[in-house]
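Step one of this worksheet: look at the structure below.
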Amino acid sequence: MSLRISGNSHIYEPNYSEQLNCEKKDAKSEEKIVGSTDKVDSEIRQLKNKKAQLEQQLNTVSEDAEKAAEIEKKIAEVESELRRKDNDTYRKQHMETIDCYV
């Protein structure tokens, strides 16, 4: 398997056809799936923006320990979600298939 990344479009080239509903014409032909990860990229961008906003809030409420602890907890949750989503595996699993050809 390979994932070629070019801008916002990714080309995912699996070695199997059963799960992707792409039928091979013969055993030697390769299939290619062109997909878009725009939605995933947008989701990741939103999470990064949310993290930045929370960090700004944390800087402004540093005197209130209770609010600071609450914001730090939210930042940790956002960071955890970013670690889970900001990778090629997540992008492959959640990309929208644009074209499937053999």
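Here the structure is a predicted model, which is why all the values come from computation and not from measurement. One-based numbering along the sequence shown.
To the nearest 0.5 Å, atom CD of residue E70 and atom CG of residue D64 are 9.5 Å apart. With values rounded to the nearest 0.5 angstrom, H94 atom NE2 is found 12.5 Å from T37 atom OG1.
Partner of Y90 under the side-chain contact (heavy atoms from CB on, under 4.5 Å) criterion, chosen from D86, N87, D88: N87.
The two atoms that bring I71 and V61 nearest to each other are CD1-CG2, 3.6 Å, heavy atoms only. Closest heavy-atom contact between R91 and D41: NE-OD1, 3.1 Å.
The 12-atom threshold is exceeded at CD of E55, counting heavy atoms of other residues, nucleotides or ligands nearer than 6.0 Å.
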Going through the checks in order, is the side-chain contact (heavy atoms from CB on, under 4.5 Å) test met by Q56 and T60? CA-CA 6 Å; Q56 271 187 327; T60 60; 5.8 Å; no
With a 3.5 Å cut-off and sequence neighbours excluded, list the donor-acceptor pairs that the side chains of residues 73-85 form with protein atoms.
unit_1 : atom_1 : unit_2 : atom_2 : d
E79    : OE2    : K51    : NZ     : 3.3
E81    : OE2    : K85    : NZ     : 2.8
K85    : NZ     : E43    : OE2    : 2.2

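Residues E96 and K39 meet the side-chain proximity criterion, which asks for heavy atoms closer than 4.5 Å.
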